[in-house]
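Note that these values count all heavy atoms, side chains included, but never hydrogens, waters or copies made by symmetry.
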Amino acid sequence: MSDMPLPEELEAIAGRLGIACQASINTGEVDATLLARVPLSFARANTVLPLVEHDGAVRVAIAGPAALLALDELRLTFGRPVEAVLVPAAALTDAINHVYAGMSGTAREVLQELEGEDLSTIATEFSDPKDLLDLGDEAPVIRLLNSILSEAVKERSSDIHIEPYERDLLVRFRIDGLLYEKLSPPKIIQEALISRVKIMAGLNIAEKRLPQDGRIRVRVAGRDVDIRVSIIPTFYGERAVLRLLDKKKGILSLADIGLGEEGVQLMERMLTRTSGIILVTGPTGSGKSTTLYASLNRVNSSEKNIITIEDPIEYQIKGIGQIQVNPKIELTFAAGLRSILRQDPDIIMVGEIRDAETAEIAIQASLTGHLVLSTLHTNDAATAVTRLVDMGIEPFMIASSLSAVLAQRLVRVICPHCREEYRPVEQYAGISLPERLYRGRGCEACFGLGTLGRTAIYEIMPIDQELCSMIIRRAHAGEIKEYAVSRGMKTLRDDGLARAAAGLTTIEEVLRVTQDDYADVPL
């Protein structure tokens with residue numbers, strides 16, 4: 001049990017009731033055989049949780065006097081005395097969600113129940129939204145998808161891939177940036193499973209020839225999860241990718257995203273400007289949107305009018321006007337950006353600069369007294385300049401408007417529970433390795449992967465007068481990068497190697513995510 005001090009109010013209530021109290025619940029000590037006899041709906045409705053059997057009595061956690069009435073039912077259920085323990089309501093609710101989530105059947109167990117089922121019909125869609133733990137009695141196909149979603153959230157997956165092939169159906173999870181095969185359901189349930197996804201996302205189950213996009217809102221063990229659904233037709237049937245967004249994680253601060261003290265100070269200086277463009281660059285899935293949201297969170301205040309145009313809106317931020325791109329009604333980034341400029345904004349965030357039209361409007365906005373934040377798909381900071389030139393933007397316009405470029409990648413973090421130190425024996429060309437490095441052995445906490453979560457590595461290139469001159473004379477990206485490094489810019493690989501030396505990530509992970517920039521270094 002936790003050694004946390006108990007609130008005085010909790011002790012006072014427990015004293016009046018004549019029962020013990022504790023600050024938290026060790027879910028690892030909860031007796032699963034007791035849980036099996038108490039439905040989740042009963043535990044949640046009455047905020048009670050059977051813990052263990054002790055001296056012929058069942059110890060039950062309660063959150064307050066109102067739960068005492070449920071103890072009589074538990075006495076009848078267990079056929080023995082019940083001993084109540086008072087626990088804070090929040091801690092008890094978290095424990096209920098955690099232990100019952102651990103009892104829910106895995107996707108592999110549900111697959112065993114599919115034999116002989118009629119897969120031609122699918123149950124009606126969810127109301128808005130139910131907790132997947134409450135749906136244990138649904139039809140097997142529905143429970144299979146529920147189990148897949150629950151396991152994906154439990155294993156920190158960012159994406160679920162449901163992929164049809166000639167004779168197989170494959171389910172893969174993307175965890176910390178890499179795909180892992182999780183399940184191979186029978187081919188016969190392919191259409192039923194995809195139809196269930198469509199029903200949950202509000203899509204047309206009869207349309208199988210065109211791509212469709214939708215959204216699902218569910219609760220998993222008390223956590224709100226938004227799921228972005230993309231379905232495309234392939235030769236062997238429809239393929240679905242579900243991107244999971246855990247609302248509980250919320251918006252991170254600049255310090256939380258891994259910028260480091262020096263990087264945070266530099267970004268904060270850039271964000272205090274009243275005009276100019278700050279670009280965040282990197283490939284798809286490198287955390288650019290997270291960095292933009294952290295930046296918006298830093299500058300958000302009642303004195304500023306901040307408007308964004310995004311595709312999609314991943315987090316809703318209080319005090320900021322957010323516009324969702326909708327090409328079906330010709331609401332593109334460029335069209336939305338024109339309308340934003342008539343709303344008297346101080347700060348504008350454009351989800352992505354995809355074309356010359358959007359780039360030109362963003363540059364004009366920055367030159368007329370607006371701070372503009374946006375993203376661009378490039379490999380490093382210096383390449384952002386040449387990318388804009390390739391779009392057809394005049395170099396003098398880029399030099400006049402660009403304030404800074406921040407490039408980033410995501411690297412997997414070594415699991416702190418199984419991290420071990422070792423002496424490197426392999427050498428890499430042009431890289432000086434420290435005497436000691438770190439890696440993860442793999443344990444229960446990280447599901448045997450050796451990594452637990454991801455963090456970003458960065459390079460930040462502020463635009464000074466010399467860089468402006470280089471941009472105007474169309475200097476190539478290599479020359480721009482060489483100058484920026486000479487002025488103290490830490491490259492993506494330099495930042496990654498520093499993280500590896502500090503034991504945050506592995507040297508192999510750093511080389512993997514930066515290989516596009518250093519093709520001459522053997523991996």
Quiz prompt | Expected output: side-chain Asp346 to main-chain Asn305 donor-acceptor under 3.5 Å | solution = yes
Quiz item: Does a side-chain heavy-atom distance below 4.5 Å link Leu183 with Leu144?
Solution: yes
Quiz item: After noting the C-alpha distance and the side-chain angles of Ser403 and Ile463, does the key distance pass the side chain to side chain contact (heavy atoms under 4.5 Å, CB included) rule?
Solution: CA-CA 5 Å; Ser403 297; Ile463 306 300; 5.9 Å; no
Quiz item: Do the side chain of Ser184 and the main chain of Leu169 share a donor and acceptor less than 3.5 angstrom apart?
Solution: yes
Exercise. Start with the C-alpha gap between Glu238 and Lys198, add the side-chain angles, then the distance that decides, and say whether salt bridge (charged side-chain N to carboxylate O under 4.0 Å, His left out) holds.
Key: CA-CA 11 Å; Glu238 291 179 292; Lys198 287 182 176 181; 2.8 Å; yes
Quiz item: Under 3.5 Å, side chain of Gln190 to main-chain N/O of Tyr236, donor-acceptor pair present?
Solution: yes
Quiz item: Closest heavy-atom contact between Ile189 and Pro185?
Solution: CD1-CB, 3.5 Å
Quiz item: If you take all heavy atoms of Gly369 and Ser275, which pair is closest and at what distance?
Solution: CA-CB, 4.1 Å
Exercise. Go through the steps for His377 and Lys288 under the test side chain to side chain contact (heavy atoms under 4.5 Å, CB included), then give the verdict.
Key: CA-CA 10 Å; His377 285 279; Lys288 299 187 297 297; 3.7 Å; yes
Quiz prompt | Ion pair Arg439/Glu508, N-O distance below 4.0 Å | solution = no
Exercise. Determine whether Val171 and Ile160 make a side-chain contact, defined as any pair of heavy atoms from C-beta on separated by less than 4.5 Å.
Key: yes
Self-check item: Residues Met349, Ile306; criterion side chain to side chain contact (heavy atoms under 4.5 Å, CB included); working and verdict
Solution: CA-CA 8 Å; Met349 192 268 271; Ile306 305 176; 5.8 Å; no
Quiz item: What is the distance from atom OG of Ser289 to atom CD1 of Ile313, rounded to the nearest 0.5 Å?
Solution: 11.5 Å
Quiz item: Looking just at side-chain N and O atoms, do Glu310 and Tyr293 make a donor-acceptor pair shorter than 3.5 Å?
Solution: yes
Quiz item: Would a distance-only check, ignoring hydrogens and angles, find a side-chain to backbone donor-acceptor pair under 3.5 Å from Asp224 to Arg219?
Solution: no
Self-check item: Check: Arg174 main-chain N/O paired with Ser157 side-chain donor or acceptor under 3.5 Å
Solution: yes
Practice problem: Drop me the distance from Thr386's OG1 to Met391's CE, to the nearest 0.5 angstrom. | Solution: 10.5 Å
Exercise. Give a yes-or-no answer on whether the side chains of Arg239 and Thr234 include a donor-acceptor pair shorter than 3.5 Å.
Key: no
Self-check item: Candidates Lys481, Arg493, Arg387 - the one meeting salt bridge (Lys or Arg N to Asp or Glu O under 4.0 Å) with Asp380
Solution: Lys481
Practice problem: Return yes when atom CD of Glu262 has more than 12 non-hydrogen atoms of other residues, nucleotides or ligands closer than 6.0 Å, and no otherwise. | Solution: no
Exercise. Assess whether atom CZ of Arg473 is packed by more than 12 heavy atoms of other residues, nucleotides or ligands within 6.0 Å.
Key: yes
Exercise. To the nearest 0.5 Å, tell me how far Thr274 OG1 sits from His370 NE2.
Key: 10.5 Å
Quiz item: Under 3.5 Å, side chain of Asp168 to main-chain N/O of Leu170, donor-acceptor pair present?
Solution: no
Quiz item: Do Ile194 and Lys208 come within less than 4.5 Å of each other through their side chains, counting heavy atoms only?
Solution: no
Quiz item: So how far is it from Ile480 CD1 to Leu467 CG, rounded to the nearest 0.5 Å?
Solution: 6.5 Å
Practice problem: Report the C-alpha separation of Leu452 and Val413 in whole Å, then their side-chain angles, then the decisive distance to 0.1 Å, and conclude whether the side chain to side chain contact (heavy atoms under 4.5 Å, CB included) test is met. | Solution: CA-CA 6 Å; Leu452 193 61; Val413 175; 5.9 Å; no
Exercise. Could you tell me whether the side chain of Asp495 and the main chain of Lys490 form a donor-acceptor pair under 3.5 Å?
Key: no
Exercise. Could you tell me whether Glu207 and Arg209 have a side-chain N and a carboxylate O separated by less than 4.0 Å?
Key: yes
Quiz item: Is there a donor-acceptor pair under 3.5 Å between the side chain of Glu459 and the backbone N or O of Met489?
Solution: no
Quiz item: Should the pair Asp311-Arg354 be classified as a salt bridge under the 4.0 Å nitrogen-to-oxygen rule?
Solution: yes
Self-check item: Nearest atoms (heavy-atom pairs only) where Val372 meets Ala365
Solution: CG2-CB, 4.1 Å
Quiz item: Any side-chain heavy atom of Leu296 within less than 4.5 Å of one from Leu292?
Solution: no
Self-check item: Atom pair CZ (Phe333) and CD1 (Ile361), whose distance is rounded to the nearest 0.5 Å
Solution: 12.0 Å
Quiz item: Looking at side-chain heavy atoms only, is the closest gap between Leu259 and Ile460 below 4.5 Å?
Solution: yes
Practice problem: Indicate yes or no for a side-chain donor-acceptor contact from Ser401 to the backbone of Ile363 under 3.5 Å, with no hydrogens or angles considered. | Solution: no
Quiz item: Distance from His161 atom NE2 to Phe173 atom CZ, nearest 0.5 Å?
Solution: 11.0 Å
Quiz item: Where do Arg215 and Pro312 come nearest, in terms of heavy atoms and distance?
Solution: NH1-CB, 3.9 Å
Quiz item: Do side-chain atoms of Gln212 reach the backbone of Asn204 as a donor and acceptor pair under 3.5 angstrom?
Solution: yes
Practice problem: Could you tell me which non-hydrogen atom of Ala381 sits nearest to which non-hydrogen atom of Ala407, and how far apart they are? | Solution: N-CB, 3.5 Å
Quiz prompt | CG/Leu179: more than 12 non-hydrogen atoms of other groups inside 6.0 Å | solution = yes
Practice problem: Please determine if Arg454 and Glu509 form a salt bridge, counting it only when a charged side-chain N lies under 4.0 Å from a carboxylate O. | Solution: no
Quiz item: Which is it for Glu303 and Ser301 under the side chain to side chain donor-acceptor pair (under 3.5 Å) test, yes or no, and what are the steps along the way?
Solution: CA-CA 5 Å; Glu303 293 85 19; Ser301 70; 3.1 Å; yes
Quiz prompt | Minimum side-chain heavy-atom gap Ile227-Leu244 below 4.5 Å | solution = yes
Quiz item: Are more than 12 heavy atoms from other residues, nucleotides or ligands located less than 6.0 Å from atom CD of Glu482?
Solution: no
Exercise. Kindly determine whether Gln322 and Gln316 satisfy side chain to side chain donor-acceptor pair (under 3.5 Å), including the steps that lead there.
Key: CA-CA 8 Å; Gln322 296 173 268; Gln316 289 79 45; 5.9 Å; no
Self-check item: Heavy-atom check, side chain of Ile353 versus side chain of Leu279, under 4.5 Å
Solution: yes
Quiz item: So which heavy atom on Arg409 is nearest to which on Pro283, and how close?
Solution: NH1-CD, 3.6 Å
Self-check item: Side-chain heavy atoms of Arg512 within contact of Leu178, under 4.5 Å
Solution: yes
Quiz item: Out of Ile257, Asp256, Leu252, which one pairs with Leu254 under the side-chain contact (heavy atoms from CB on, under 4.5 Å) rule?
Solution: Ile257
